[in-house]
Amino acid sequence: MKRIYANYAEQALQKVENQLIQSESFDQSLIPFPCIYVLYSKTGDVQNSNMREDEISHAKEYLSGKFNTLNGEYSLFNAVMGAAL
């Protein structure tokens, strides 16, 4: 039986972080399962995502500063090339 650790998604994302940063355009195939993402334009429009609409709304609220990151609501959001990962 394969074990999946609590920080599996974080570790998987860290493995592709440099590829994401260095790619000329966003390549959604680099985002490992089970990560979800939303890519915003510079004007705040959603360009690409695998999130549900309610998750996108929560991400926008988080990025606008509505949520305290210490409350445990979100485990990881990194700003990379305008994307919230």
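Just the heavy atoms: all of them, side chains too, but no hydrogens, waters or symmetry mates, feed the values below. Every value quoted in this text rests on a predicted model; they were computed, and no experiment measured them. Nothing fancy with the numbering, it's 1 onward along the sequence.
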Contact summary for [X] and [Y], nearest pair of heavy atoms:
X: Ser49; Y: Tyr37; value: OG-O, 2.7 Å
X: Cys35; Y: Leu13; value: SG-CB, 4.3 Å
X: Ser25; Y: Ser23; value: O-OG, 3.0 Å

Pair Gln22-Asn18, side-chain donor/acceptor within less than 3.5 Å
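Asn18 and Gln22 do not have a side-chain donor-acceptor pair below 3.5 Å.
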
For Gln28 and Asn48, does a side-chain donor sit closer than 3.5 Å to a side-chain acceptor?
yes

Please lay out, stage by stage, how Lys60 and Val46 fare under the test side chain to side chain contact (heavy atoms under 4.5 Å, CB included).
CA-CA 10 Å; Lys60 283 184 178 182; Val46 175; 4.2 Å; yes

Between Val16 and Ile31, is any pair of side-chain heavy atoms under 4.5 Å apart?
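No - every pair of side-chain heavy atoms lies 4.5 Å or more apart.
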
Please examine the side chains of Tyr40 and Ile56, heavy atoms only from C-beta on, and report whether any two atoms are closer than 4.5 Å.
yes

How long is the straight-line distance from CG of Leu39 back to CE of Met51, given to the nearest 0.5 Å?
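Those atoms lie 11.0 Å apart.
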
